[in-house]
Amino acid sequence: MAVLVIAEHDNSNLKSSTLNTITAAKKLSDDIHLFILGRNIGELANKSKDIHFLSKVIKCDNEKLKNFLPELSAPLISNLAENYSHILAPASTFGKNLLPRVSALLDITQISDVIDIVSNDTFVRPIYAGNAISQVQTNQKINLLTIRPTSFEKSEDSGGDAPIEEIPFVDTDLKTIFINREVSKSDRPELGNARIVVSGGRGLENSDNFKLLYELADKLNAAVGASRAAVDSGYIGNEYQVGQTGKMVAPELYIAVGISGAIQHLAGMKESKVIVAINKDLEAPIFNVADYGLSSDLFQAIPEIIKELDLLNQIES
Amino acid sequence: MKVLVAVKRVVDYKVQIRVKSDNSGVETQNVKMSVNPPDENAIEEAVKLKEQGLASETIAVSIGDEKSQDVLRTSMAMGIDKSILVKTQNTLEPLAVAKTLMKLIEKEKPDLVLMGKQAIDDDSNQTGQILSALLKWPQGCFISNLKIEGKKVSISREIDEGIENLETSLPAVLTCDLRLNTPRFASLPNIMKAKKKPLDIIDIDSLGVDTTPRIKTLKVIEPPKRKAGVMVSDVKELVKKLKYEAKVI
Ligand SMILES: Cc1cc2nc3c(=O)[nH]c(=O)nc-3n(C[C@H](O)[C@H](O)[C@H](O)COP(=O)(O)OP(=O)(O)OC[C@H]3O[C@@H](n4cnc5c(N)ncnc54)[C@H](O)[C@@H]3O)c2cc1C
Ligand SMILES: Nc1ncnc2c1ncn2[C@@H]1O[C@H](COP(=O)(O)O)[C@@H](O)[C@H]1O
């Protein structure tokens, strides 16, 4: 049977989490449909049909879908559900906000944050902030899964040629009015799928000092991340938080600066390939997961690292 | 306005989790248990609404075994007026929790339901969304700011891109992020007072909800351990290792 993937996008481009979710879908079926709900998504649908391995793109295009309110999208998804063995969405705030509503409408228990697919009915997911890994099985007639993007590669976004089908919008009575989104603009790579992430914690002491971290990030073409303590203290916005209640990241290189390494933080970054910890406290638990630890004052270490990187660049050019 | 808060009893966030040797689950015997952290924010917000004169009554509900009475006592020590324990020996899936809450909501008729955004044991992040869909009430998830004026509800919710601001109306279901407020500590006099506040215990069977599990846990294992790394002596060595050993820069 076919598998339905719910696209995460901004009405003009797919988020990379959608491509990760398609890769997860490939483990379940050769017949994968992508469902795009939004406004003025004609061009987006046209681009999406090129994605390798898709056999259909379904779109629902309506002014009211512009802001992705889950009350409106969920019924449109559940109306299609009976044609599918599995419905997948990324385990991002988008997917987390939406898919449980589909679960309610279909009376099916959703499996959250899947990191591995063992078979069509058996899935692996972390519990207790990743301190335990649970393998679960279900025999429901439709499987609802949110997929942790960092656990699956991105699928190719070219090489395919899927037909596009449009379905009509069906309205739902809704009292919620969308006001706005406060989105910070940055030229740095996106935190969720950057090759290098430089994260700062309470050790940075204030938002001004975070500039030091931005400078390092820019030298490395890295994304910036933060601990909850740094966000709570107002050094940086919530969209940068890494951890159990923030974003999951798994870059090739994660540099934790002035972060102690609480389990809730580790939950979001311990799948990184190489971890560097810079902390002046030798006892900090972050060193237990670090491949390279530097016990030093960050205000000394970071400018030095920037200098070393400049030197390296000079040698290379 | 009547406010209902859902409170789950979970392994305390500071406890080092141990997987049972038979791989059937996580050890919860003889470990410290607490109110699920974001549920404390939900409690705090409800108590604040009462203090501001916006809420007339606040009720905490927990679904679990007898021991869950302790998180309800804590809720009442923080200022919640009364509480209900729905007693069950089973661990319920989010869908079943939402259905159970719905039964109580039909009875208690609150105007606002506040819950945590996620339980830190199962990390499901589903129950509030499901409940909102079942009740056909507006949903506001992962909120870090709340303002209520009459029936109008203004919220800021934390999303991957930043903050989203929505306006909706009561009745509504809202799930709280840790940044919504700073939960108060229960003072000793308030802990004493909470002992006298009403705590109803009802059996889940009396509600007639289907709570049959849909998902079977085959096994629970420990996560793979990272192999031990090295300490470097200075920045030069660090940069060299990253460049020539790990080859990541
Ligand atoms: C339910 C729940 C969910 C949570 N979710 C998350 C989450 O998603 N993400 C998250 O990060 N946290 C989360 N937390 C919080 C977590 O428990 C920790 O409190 C938090 O991660 C600590 O942040 P920190 O390491 O920046 O601060 P601290 O623990 O205060 O550590 C600061 C570190 O900086 C070092 N330092 C200070 N000055 C310097 C200097 N000059 N040079 C070098 N080092 C220095 C110190 O030695 C210390 O190790 C959660 C907590 C709860 C209860
Ligand atoms: N057994 C329970 N009793 C009371 N509230 C619960 C229970 N399980 C979940 N909740 C509520 O639902 C929220 C989200 O839980 P979850 O969907 O399991 O991550 C929690 O923060 C609680 O507010």
Side-chain angles (χ1 to χ4, degrees), chain A residues 70-71 74 92-93 96-97 100-101 103-105 108-113 122 126-138 140 175-184 220 232 237-239 244-245 247 252-253 264 270 274 276 289-295 301 304-305 308-309 312, chain B residues 11 13 17 19 26 38 93-95 98 117-118 120-126 129-130 132-134 138-139 141-142 144 158-169 177-179 214-223 226 229-232 234-236 238-239 241-243 246 248-249:
Chain A
E71 289 94 335
S92 54
T93 52
K96 289 172 183 169
N97 201 36
R101 295 190 71 87
S103 146
L105 297 174
I108 280 175
T109 290
Q110 170 196 314
I111 301 174
S112 296
D113 215 10
T122 305
I127 52 175
Y128 289 88
N131 287 297
I133 306 291
S134 169
Q135 195 177 98
V136 297
Q137 188 178 42
T138 171
Q140 301 175 100
K175 305 212 171 55
T176 303
I177 308 163
F178 176 89
I179 306 295
N180 63 4
R181 279 188 171 191
E182 300 164 28
V183 175
S184 64
L220 293 165
D232 287 357
N238 62 278
E239 61 274 29
Q244 182 185 20
T245 48
K247 284 194 178 115
E252 279 181 41
L253 174 60
Q264 295 84 9
K270 67 177 182 194
V274 175
V276 170
V289 299
D291 300 279
Y292 302 107
L294 176 65
S295 169
E304 271 185 55
I305 296 176
E308 282 299 313
L309 291 172
L312 266 183
Chain B
V11 173
Y13 79 95
I17 297 302
V19 170
V26 160
E93 290 165 9
L95 187 58
K117 76 166 178 182
Q118 120 192 26
I120 63 160
D121 49 3
D122 64 47
D123 281 331
S124 290
N125 198 325
Q126 299 178 14
Q129 296 88 312
I130 296 172
S132 150
L134 293 177
Q139 157 179 326
C141 285
F142 331 138
S144 57
E158 294 199 350
I159 55 170
D160 289 340
E161 297 80 8
I163 297 282
E164 182 176 281
N165 296 304
L166 300 176
E167 221 172 81
T168 188
S169 64
D177 184 82
L178 300 171
R179 268 183 284 274
R214 314 285 183 80
I215 290 171
K216 198 164 91 191
T217 299
L218 299 180
K219 61 176 177 187
V220 173
I221 57 167
E222 284 195 30
R226 290 187 73 95
V230 294
M231 295 300 290
V232 295
D234 57 20
V235 163
K236 272 199 168 44
L238 175 65
V239 172
K241 288 223 186 277
L242 291 178
K243 177 85 186 166
V248 284
I249 58 169

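These figures come from a predicted structure and were not determined experimentally.
- Counting heavy-atom pairs closer than 4.5 Å to chain B, the top residue among A:Ile133, A:Asp113, A:Val276, A:Val136 is A:Ile133.
- With a 4.5 angstrom heavy-atom cutoff, A:Gln110 touches chain B via backbone and side-chain atoms both.
- Heavy-atom minimum distance, B:Ser169 versus A:Lys175: OG-CD, 3.2 Å.
- When all heavy atoms of A:Asn97 and B:Phe142 are compared, the closest pair comes out as N-CZ, 4.2 Å.
- Checked by atom type and distance alone, the side chain of A:Thr138 never pairs as donor or acceptor with a backbone atom of B:Ile215 at under 3.5 Å.
- Chain B forms the most heavy-atom pairs under 4.5 Å with one residue out of A:Leu309, A:Leu105, A:Ile111, and that residue is A:Ile111.
- Interface summary for chain A: among B:Ala98, B:Ser132, B:Gly229, B:Pro223, the most heavy-atom pairs under 4.5 angstrom belong to B:Pro223.
- Of the two parts of B:Leu242, only the side chain, counted from C-beta on, holds a non-hydrogen atom closer than 4.5 Å to a non-hydrogen atom of chain A.
- Of the listed residues (A:Ala129, A:Ala104, A:Pro126), the greatest number of heavy-atom pairs within a distance under 4.5 Å of chain B belongs to A:Ala104.
- Not a single donor-acceptor pair under 3.5 Å links the side chain of B:Gln118 to the backbone N or O of A:Thr245.
- With a 4.5 Å cut-off on non-hydrogen atoms, B:Val230 touches chain A through its backbone and its side chain both.
- To the nearest 0.5 Å, atoms CG (B:Leu166) and CD1 (A:Ile179) are separated by 7.5 Å.
- Taking B:Arg179, B:Lys216, B:Glu222 one by one and counting their heavy-atom pairs under 4.5 Å with chain A, the maximum is reached by B:Arg179.
- Contact tally against chain B (heavy-atom pairs below 4.5 Å) for A:Ile108, A:Val183, A:Asp232, A:Asn180: the top residue is A:Asn180.
- Within the 4.5 Å cutoff, the side chain of B:Glu164 has heavy atoms near those of the A:Arg181 side chain.
- At least one side-chain heavy atom of B:Leu95 sits less than 4.5 Å from a side-chain heavy atom of A:Ser103.
- Top candidate by heavy-atom pairs under 4.5 Å with chain A, chosen from B:Val239, B:Asn125, B:Ile221, is B:Ile221.
- A donor-acceptor pair is defined here as one N or O able to donate and one able to accept, closer than 3.5 Å; no such pair exists between the side chain of A:Glu304 and the backbone of B:Asp234.
- Among B:Lys243, B:Lys241, B:Met231, the residue making the largest number of heavy-atom pairs under 4.5 Å with chain A is B:Met231.
- Only the side chain of A:Leu220 comes within contact range of chain B, with at least one heavy atom under 4.5 Å from a heavy atom of that chain.
- The greatest number of non-hydrogen atom pairs below 4.5 Å with chain A, out of B:Thr217, B:Ile249, B:Leu178, is found for B:Leu178.
- The backbone N or O of B:Leu238 sits nowhere less than 3.5 Å from a side-chain atom of A:Glu308 that would complete a donor-acceptor pair.
- Residue A:Asn131 touches chain B through both its backbone and its side chain, counting heavy-atom pairs closer than 4.5 Å.
- Options A:Glu182, A:Glu252, A:Lys247 differ in how many heavy-atom pairs under 4.5 Å they form with chain B, and the most are formed by A:Glu182.
- The contact between A:Ala290 and chain B is made entirely by backbone atoms, counting heavy-atom distances below 4.5 Å.
- The main-chain N or O of B:Gly162 is found under 3.5 Å from a side-chain atom of A:Asn238 such that the two form a donor-acceptor pair.
- No more than 12 heavy atoms of other residues, nucleotides or ligands shown are found within 6.0 angstrom of OH on B:Tyr13.
- No side-chain heavy atom of A:Pro70 sits under 4.5 Å from any side-chain heavy atom of B:Gln129.
- At a 4.5 Å heavy-atom cutoff, the contact between B:Val248 and chain A is made by backbone and side-chain atoms alike.
- In terms of heavy-atom pairs under 4.5 Å with chain A, the best-connected choice from B:Asp122, B:Ile120, B:Asp121 is B:Asp121.
- Not a single donor-acceptor pair under 3.5 Å links the side chain of A:Lys270 to the backbone N or O of B:Arg226.
- When each of B:Arg214, B:Gln126, B:Glu93 is checked for a side chain to side chain donor-acceptor pair (under 3.5 Å) with A:Thr109, only B:Glu93 meets the rule.
- For the atom pair A:Glu239 CD and B:Ile159 CD1, the distance stands at 9.0 Å (nearest 0.5 Å).
- Residues B:Lys117 and A:Lys96 fail the side-chain proximity criterion, which asks for heavy atoms closer than 4.5 Å.
- A 4.5 Å side-chain heavy-atom check between B:Leu218 and A:Thr122 finds at least one atom pair inside the cut-off.
- When heavy atoms are compared at a cutoff of 4.5 Å, B:Ser144 does not approach chain A at all.
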